[in-house]
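Chain A is the first sequence line, chain B the second, and so forth, proteins listed ahead of strands; every chain is numbered from 1. Owing to the predicted nature of the structure, the values given are computational and were not obtained by experimental measurement.
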Amino acid sequence: MDDLIFTAASIVCFLSALAVVTRKNPIYSAVSLILFFGGLAVIFLLLRAPFVAGMQLIVYGGAILVLFLFVIMLLNLREEELGKEKGGRFKAFAAVAAGALALLVIVPVMAAETARDGFGPLASLPDGFGSVDHLGLALFTQFALPFEVTSVLLLAAIVGSVMLSKKHV
Amino acid sequence: MPDIGSAELRVLLPVLAPLLGALAVLLTDPYLDKGRPKLPLVYIALGSLMAAWAALGFLWGDRVVAWSGALAADRFGLYLGFAIATAAGLTVLSSAGYARKMGVDCGEYYSLLLLATAGMLLLAMANDLLMVFLGIETMSIAVYCLAGITRERPRSVEAAMKYFLLGAFATGFLLYGIALIYGATGEVRLERIAHHAANRPLLLAGLGFLLVGFGFKVGAVPFHMWAPDAYEGAPAAVTGFMAAGVKAAGFAAFLRVLLTAFGGEAAAAAWAPALWMLAALSMIVGTLSALAQTNLKRMLAWSSVAHTGYALVGVVGGGGVAGNGSAAVLFYVLTYSVMTLGPFLVIALLSRAGEEFEQIDDLAGLARRRPVAAAALSLFLLSLAGIPPTAGFMGKLFVFRAAIDSGWLGLGVIGILATLVSVYYYLRPIVLMYMREPRAEFNASEPTDWASHFAIGVAALALLLLGVLPSDAIAASLESVRGLW
Amino acid sequence: MDLTSVASALPWIPLLPFLGFLINGCCGTRISRRAAGWIACLGPLGAFLIAYLGLLALAQEQSPRAFLECSLGDWISVGDLVVRAGLRLDRLSVVMALVVTGVGSLIHVYSVGYMSHDKGFTRYFAYLNLFLSMMCILVLADNLVLMFVGWEGVGLCSYLLIGFWYEDPAKASAGKKAFIVNRIGDFGFILGIFLIFVTCGTVDFAELFRWLASAREGLPAGVAFAATMLLFLGATGKSAQIPLYVWLPDAMAGPTPVSALIHAATMVTAGVYMVARLSFLFVLAPTTLLVIAAVGGLTALVAGFYALTQNDIKKVLAYSTISQLGYMFLGAGAAAFGASIFHLFTHAFFKALLFLGAGAVIHALHDEQDLRRMGGLGKKLPLTCAAMVVGSLALAGIPPFAGFFSKDLILLSLLEAAHRTGQPVWYLLWAMGLVGALLTAFYSMRLIAMAFLGAPRGDAEAHEAAEDPPVSMGAPLIALIFCSALVGLFSWPKLFGGFERFIHYLDWVTAQVPAAPGELGHGVEWLNLCASVGMGVAGMAAAYFLYVVAPARPRELVRASPALGRLYELSLNKLYVDEYYDRWIVKPLQAAANYAWEIFDVLIVDGFVNGVAAWVLDLAASARKLQTGVVSYYAISLLLGGIALLGYFVLWV
């Protein structure tokens, strides 16, 4: 059953991701992205990470995508402003490069799959791994500093975007 | 629950200083008169950077690891931390006049500068891959914005845009690498990753992705494409900070990851040939491309690509285990950050309101109008070219020697050849300054920018000191590398 | 004389001129020209006195190998790398130091008069003092790295002084040419130092000597050959030997006293000095020695050939310098390092004299350098004429002037080498040296004839107004006349019951090759002496005949015989070497640089389009419109690089 859901979600992810980069109209791309996030959330659920799955939907699928759509609609680009479609050979090149990159990830993952200790210590996962309380505990104990530093990162981003959007200095 | 006790706080001090400075700048800015020079912001920024310096000095000593191993205050990180804090301080000094000329004398400018510094210092001390990522991102986001801060100049905005887009792309690689490494080992802490056998494909693939990300940050060929445009478009003071600070912080983390997590012999044997290629390509492409430039900033961008190659020579020559090569890289990056910042300080000094002083031909006859600036610029260029008795010579000497000592003769020879070719383009501005009639007009009437002159003087003095009496700095770099374990 | 006190004064030899540089360089605009001139001259003079004290101190020592040493402390001391810096005065370096500071002082004094009207007066003396300081460091250095520092320093000063009149682009570019050609040599020098350091673990001369003496298996022959060849490449750059001599004639663009000091007497001899300093290393590589001798012989011949037809008085002297440096390398190649340094010693005096004399002529004629517009100046400029005649006689090797003794010794050393090694090639080199002597005598006499004899051919007014130089320029000339005439006596030949004192003085500090069993007979020595004097006299007589007795003859000869005309053309155009270099090295390099730029910047960075991917031209169009479109190409490079890197890690390792 898990395998079936995983396969279905993966296919949805793959196709919607493909649509994101191939659609010419940005609205279609953005909507495909929502679909992609949905598929990803399902995979997270399968991986016993319900909190991440929820965040994926709320933050990415909800907040960020809505922002994207707002911006796209505010710009209100007309057909001719979107620029010409990229050449077929460019697309072919992109496909080949993406394929090569994918292959170079798949090969080591498959190798890890067949090797005895290919992956990290998966078997020893504690009960409740990926749950909210577990995650919260990790964030405020072992990963307290990265968690706090993220706020510095966001501060830098806020100051930067305020500066870039101010009319006068 | 880690004890938020003294060790935790102590280790954070160098980062907290610029961070609090950034907040103070943001909070002070609204209360200052518009239209008047915002000197208080400069004082705050300088003060916080001096505090960071003091904190770095205070921590200098034995290795202290805190925050569940996320952050390590050891000589290795602090060594380049000094370079970062110094570069930031000199940039602030030069910005006091420059930011006004370019119309960006505002709180955001200084706070972004300080936030970027905080990110760099975090990066230099980061001891797990998460902190590496966060440090890189904090630094980068601030620097992207700084590159585009002169918004009326289209090239500045373009530079910021390109740097940002490509930077995001490279960050993707970096994150993917971290993910793969985590997948292979279940660890993000560097010294624990080292416990896992290095010959596993998943771990190696992760390392490959990491190298792309780091290669982008330090500007190694073929991940260097952003450098010429970003260097050229960004305002001069920011470019200098970018060239010095980003590279120093990038190399600090790069080297720490390689030495700590992938320092075993098998791992080193895997990455050394790859870095060999990056180093050779960087030196060759950087040097040859710099030959044909007419824009000083662009030329310096290509030169920085070549210098990344020289530093990578030392990384390859370090051979993973604590050899002289890794120490040579630290020393090289230290000297490089000073000598690459210098020319940009001079450019910033010579720029006029809203107009950058960046064409090499504009330098003609500079020696007669601005003798101090010309002499300083000559010194910086001679050092970049590696001519004794400047620091550049010492740096190259140690890096090449380390490579040749550990058997990488070919790389050493490529480096020496590239150095020889590079003399040509470093010398051309000097020839122009001293041996040609002035073409552009120089504005002699404007008041002397003492802060800028002071910054340039400090950089020049540092280069001469590091060139003539390098022993202490080199000894410290050796200790730094030994202190990693 | 207290050894230690002299030793502790050694740093002042480079420091005194350096102080002059600092004062003139920093506050040159604030002090009077008079004061600047005094300051500039006092530094070298003080350095000369200290060097002389050093000579006296060395003379008191019992051991001929004695030396004065002054450590400057550990320059770099980290881990296993320790570079000590120190100054060292032994018999070899004291000779060099005396020449450098002595001739240097005279030329400084001369310059006060020569440059008196130049607006860059203080700048000139600042550079000149800096040069002298660097040269002293080069000479006194006790290790290769410090020597290299001086080596680069003099190169920098030479570059600054050649381009001294930078307003003239030709002169500025001559400076650049000198700099770039020298970098090729320096490249060899650096690699040589690296190789020595990697093999022997030291760059200190004394330690290197000990290492070579004590190492059980000694230096591998291949390493010795490679290291010495690399070092010699450095010497060919600095000392203007084939194939790197092309910068020296152009270097004549600088002020004439600079040509005298840097490009005749001191800096260009640094290569010879370096070979002598490391003679204990060079004797381990007999093949290199042969190469050195061959290069020297060829250079002596070819440069002499060029000098035959040059019309610029300074160019004649420049080629003559190259040719004489060739002789020095001939001697060094024959392992007669003492003879080689002796020729360096005499040459410093008479070539400085010739240049300063030429400078006086140029000064008197208000910057006229063309020999064809001179003539008949002998009566107008008696002192200058006397200086040039003495200098030329010394150059041509006419006894008893200085050049005779040293050249004779070098030629003799070639015969000895032939005797010692049994290789006939040394006879060929000897013959080349003899032919070179003939050419030398010919162009020396030609120069005298064209400038001072015959009827005036130039501007009559200028000729009328010409007069001997003022005291400040005249006094150094007179001093150098005496030196050029007399310094040869330091090495009175054995043949005449002499002791060859100079050579034996140096014997102890330069390497000795085992002598051949049995001596060269007196007959051979007489033959050598007669041949060399004969060549000198014959060359001068021929030139006298062609340019004074029958001035129309040269042209007739050329017209009568096309082969001779062709030869004349070849000499005048210097075998077209400059053109060949331009065509086969400079132009291709420029093209390669441009090409590389196009490939890397235009093709890959700005485009990627034109070559590899014509198929994405349509995208380039939108790229131009949107500006940021180019980013995709940057991203492609990143992506391809990433794929390559990953491919390596995943599939290769």
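Residue B:L114 does not touch chain A at all, counting heavy-atom pairs closer than 4.5 Å. B:L23 touches chain A through its side chain: at least one heavy atom from C-beta onward sits under 4.5 Å away, while N, CA, C and O do not. The contact between B:F209 and chain A is made entirely by side chain atoms (from C-beta outward), counting heavy-atom distances below 4.5 Å. Proximity to chain B is limited to the side chain of A:V162, based on heavy atoms less than 4.5 angstrom apart. Only the side chain of B:L122 comes within less than 4.5 Å of a heavy atom in chain A; its backbone stays farther off. With a threshold of 4.5 angstrom between heavy atoms, B:V15 does not approach chain A through any atom at all. For B:Y176, the part sitting under 4.5 Å from any heavy atom of chain A is the side chain, from C-beta outward, and nothing else.
Taking each heavy atom of B:G148 and A:L164 in turn, the nearest pair found is O-CD2, 3.8 Å. Of all the heavy atoms in A:V159 and B:S111, the pair that sits closest is CG1-OG, 3.5 Å. In terms of heavy-atom proximity, B:L202 sits nearest to A:A112 at CD2-CB, 3.9 Å. Minimum heavy-atom separation, A:M163 to B:E108: CG-CB, 3.5 Å. The heavy-atom pair separating A:A111 from B:P201 by the smallest distance is CB-CG, 3.7 Å. The two atoms that bring A:G160 and B:C145 nearest to each other are CA-SG, 3.4 Å, heavy atoms only.
In this structure, B:L134 CG and A:L153 CG are separated by 6.5 Å, a value rounded to the nearest 0.5 Å.
Around the CZ atom of B:F169, the shell of radius 6.0 Å holds more than 12 heavy atoms that belong to other residues, nucleotides or ligands.
Here the side chains of A:L145 and B:L12 are in contact, with some heavy-atom distance below 4.5 Å.
Interface check for chain B: of the options A:L155, A:L104, A:L137, the most heavy-atom pairs under 4.5 Å are formed by A:L155.
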